[in-house]
Amino acid sequence: MATNCKKTKMEQKVRVRFAPSPTGPLHMGGVRTALFNYLFARKQGGEFLLRIEDTDQTRYVPGAEDYIIESLKWCGLIPDEGVGFGGDFGPYRQSERKAIYKDYVDRLIESGNAYYAFDTPEELDALRGEAEKSQTVFSYDTHTRSRLQNSLTLPDEVVKKKIADGRPWVIRFKMPEQTDVIEHDLIRGEVKFNTAQLDDKVLFKADGMPTYHMANVVDDHLMQITHVIRGEEWLSSMPLHILLYEALGWSGNRPQFAHLPLILKPAGKGKLSKRDGDKMGFPVFPLQWKDPDSGEISRGYREDGYFPEAFINMLALLGWNAGTEQELFTIGELIDSFSLDRVVKSGARFDPEKAKWFNRHYLHQKDDQQLAELFKKQLAAKNIVTDDVRLNRIVGLIKDRCTFPSELWEHGFYFFEAPECYDEKTIIKKWKEDTSGKLLAVAEFFKDLEQWDAESVKEAFSVFMNAREWNFGMVMVPIRLALVGSSQGIDLFVIFELIGKEETIRRIERAVARINGLPQLQ
RNA sequence: GGCCCGUUCGUCUAGGGGUUAGGACGCAAGAUUUUCAUUCUUGUAGCAGGGGUUCGAAUCCCCUACGGGCUACCA
């Protein structure tokens with residue numbers, strides 16, 4: 001039988017979590033964190049959980065939790081456990097785990113790793129203000145705690161009395177003096193901190209809720225999390241968390257850490273924020289979000305016409321690469337090739353143009369039928385009905401010109417209705433004195449044609465043109481103008497076929513009548 | 001200010017002692033499409049600076065600069 005009594009970390013099943021707080025809509029950076037957790041879990045055959053970190057009652061935003069869940073679903077990042085997904089380690093909402101945390105904080109008090117502090121927020125603010133005057137920063141730490149009001153400085157009876165009297169208190173972590181905390185971050189390598197630089201963080205708040213640090217460590221332990229994969233903004237609290245695991249006696253079995261680089265603004269300074277999106281015209285949220293207070297609406301990738309697979313593919317490549325030249329990945333391929341050691345260390349500026357490129361690619365890949373379904377809805381909104389075969393064909397012809405499904409109309413409207421106006425530049429350039437006469441002659445010629453498929457018309461038309469020795473460009477462009485309203489669009493003969501003989505002739509005659517009356521021709 | 005992290009084309013990145021420093025987005029040009037777009041081809045542009053170590057540094061070390069994060073009874 002096995003002589004090694006302890007299961008090594010290698011044998012432990014990988015469990016990772018995405019742990020957002022419901023303080024507003026999920027940022028695309030948050031989605032990327034969720035994605036990397038998801039990919040890692042899938043690659044390792046582990047589990048991916050969703051935990052809602054709602055320990056700050058004051059910042060709770062109604063609807064945010066549902067938004068997070070819906071976003072993950074849209075992205076296809078379905079948790080194995082968590083709020084809204086079941087699981088054996090619940091509850092997965094920290095507000096519902098309130099009772100659990102107090103025990104562990106008490107343990108820390110008993111073991112001398114934490115202490116009660118009675119200083120009021122006002123007192124602390126005053127100290128911060130004073131420190132600022134002398135160009136320093138106040139910190140509740142190994143140097144200052146002996147001068148403050150806490151169970152380290154006050155006699156036992158006084159402490160007990162204050163608590164019994166219902167005086168508000170918090171519990172702070174007692175940071176060890178002058179100790180190096182060294183940790184191997186899975187992305188950054190060795191990172192070193194000294195506790196002399198760290199402060200005595202509040203673990204338990206006056207309102208009876210734990211702070212992020214406490215709840216996070218306790219839950220990660222209880223939920224048997226093996227890898228903490230989170231944003232770089234948490235790197236500085238890693239030593240606190242490590243010390244907390246130690247103080248709780250869990251250091252032999254604690255998770256490993258991986259801190260992801262941040263997503264930065266496309267231009268200028270700082271990390272990507274909601275404002276950048278508004279200013280530069282791209283979404284920063286996966287789904288549209290309506291602020292419950294202001295009613296202000298922020299756009300979402302979904303509503304802007306991005307495909308989830310494009311959004312995910314784009315996000316995956318922001319701070320990670322496979323080490324090959326491959327850039328287009330299905331979710332399965334991402335899972336296969338994902339590894340934390342190929343995550344980049346430096347922050348990545350977000351490029352909205354590249355996001356569009358990904359979407360264009362995925363749109364072009366869609367089969368015509370799928371796109372036709374989307375297009376059909378747009379057409380229905382305009383009360384346009386057409387048969388599926390024709391619609392599929394049209395979609396197939398115009399999809400290469402689109403980045404978003406919403407552009408289908410812009411690039412294909414002329415199959416459904418005549419243009420309302422004609423591009424002025426094209427008129428000036430191509431509509432000469434004899435153009436009207438030529439077009440009318442073409443229309444007459446069309447009237448006698450029996451065969452109306454693109455090939456036949458093209459053949460007959462060429463014969464017609466050659467017989468007259470007319471310049472193709474000087475006739476084709478005006479016809480296109482008549483049918484489409486501009487010099488754009490797919491192959492002209494295919495347009496003839498798809499809008500039909502009658503309509504083609506009608507539009508040519510209509511354009512001649514209208515353009516001839518235009519002032520720029522006078 | 002203090003602590004921590006980072007720095008290769010405009011942007012995302014490969015490259016980890018000897019490479020013509022590779023790819024992608026963007027941009028530009030050409031080809032094709034009798035238009036426009038697509039597509040294809042080509043081009044454009046980079047190792048933050050300074051010191052070391054070394055026969056040799058984008059690559060290792062140090063300093064500086066710059067960027068980022070944290071520094072709440074927020075996460």
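Letters go in sequence order (proteins before strands), and every chain restarts at 1.
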Rounded to whole Å, please give me the gap between [atom1] in [X] and [atom2] in [N].
{"X": "W409(A)", "N": "rA37(B)", "atom1": "CH2", "atom2": "P", "value": "22 Å"}
{"X": "N313(A)", "N": "rC12(B)", "atom1": "CG", "atom2": "C1'", "value": "13 Å"}
{"X": "L328(A)", "N": "rU13(B)", "atom1": "CG", "atom2": "C1'", "value": "15 Å"}
{"X": "I490(A)", "N": "rA37(B)", "atom1": "CD1", "atom2": "P", "value": "16 Å"}
{"X": "F204(A)", "N": "rC74(B)", "atom1": "CZ", "atom2": "P", "value": "12 Å"}
{"X": "D56(A)", "N": "rA75(B)", "atom1": "CG", "atom2": "C1'", "value": "7 Å"}
{"X": "L272(A)", "N": "rG67(B)", "atom1": "CG", "atom2": "P", "value": "19 Å"}
{"X": "D351(A)", "N": "rC25(B)", "atom1": "CG", "atom2": "P", "value": "11 Å"}

For this session: Hey, can you tell me if H241(A) and H213(A) have their rings parallel, tilted or perpendicular (30° and 60° cut-offs)?
Result: tilted
Classify the nucleic acid contact of [X] as base, sugar-phosphate or nothing, counting any heavy atom under 4.0 Å across all strands shown.
{"X": "D119(A)", "answer": "base"}
{"X": "G319(A)", "answer": "sugar-phosphate"}
{"X": "E353(A)", "answer": "sugar-phosphate"}
{"X": "G473(A)", "answer": "nothing"}
{"X": "F193(A)", "answer": "sugar-phosphate"}
{"X": "I398(A)", "answer": "nothing"}
{"X": "R480(A)", "answer": "base"}
{"X": "D54(A)", "answer": "nothing"}
{"X": "T23(A)", "answer": "nothing"}
{"X": "K399(A)", "answer": "nothing"}
{"X": "A206(A)", "answer": "base"}
{"X": "K192(A)", "answer": "sugar-phosphate"}
{"X": "T55(A)", "answer": "sugar-phosphate"}
{"X": "K356(A)", "answer": "nothing"}

Exercise. So among L240(A), L108(A), T55(A), D219(A), which one has a side chain to side chain contact (heavy atoms under 4.5 Å, CB included) with M214(A)?
Worked result: L108(A)
Exercise. In terms of side-chain heavy atoms of S487(A), which of rC3(B), rG1(B), rU35(B) is nearest?
Worked result: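 Side chain of S487(A) sits closest to rU35(B).
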Exercise. Between V202(A) and E190(A), which has a closest nucleotide on RNA chain B that is more 5'?
Worked result: E190(A)
Exercise. Hey, which of these two, S346(A) or K458(A), hits RNA chain B nearer its 5' end, going by closest nucleotide?
Worked result: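 Between the two, 5'-proximity favours S346(A).
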Exercise. Of Y115(A), Y116(A), W169(A), Y140(A), which meets side chain to side chain donor-acceptor pair (under 3.5 Å) against N150(A)?
Worked result: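 So the option named by the test is Y140(A).
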Strictly by Watson-Crick or wobble contacts shorter than 3.5 Å, is anything paired with [N], and which nucleotide is it?
{"N": "rU35(B)", "result": "none"}
{"N": "rG18(B)", "result": "rC55(B)"}
{"N": "rC70(B)", "result": "rG2(B)"}

Problem set entry | Spacing of L198(A) atom CG and M175(A) atom CE [to the nearest 0.5 Å] | 4.0 Å
Exercise. With no angle test and no hydrogens, is the base of rA72(B) tied to the side chain of K201(A) by a donor-acceptor pair under 3.5 Å?
Worked result: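 Donor-acceptor pair under 3.5 Å: no.
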For this session: Go through the N and O atoms of the side chain of R188(A) and the base of rC5(B), and report whether any donor-acceptor pair is under 3.5 Å.
Result: no
For this session: Assess the pair Y104(A) and Y101(A): is the distance between their ring centroids shorter than 6.0 Å?
Result: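 No, the ring of Y104(A) stays outside the 6.0 Å limit from the ring of Y101(A), centre to centre.
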Exercise. Would you call D56(A) and R59(A) a salt bridge, taking side-chain N to carboxylate O under 4.0 Å as the test?
Worked result: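 Yes.
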Exercise. With a cut-off of 6.0 Å (strictly less than), are more than 12 heavy atoms of other residues, nucleotides or ligands near CD of E123(A)?
Worked result: yes
Exercise. When the C1' atoms of rU59(B) and rG52(B) are considered, how many whole Å apart are they?
Worked result: 15 Å
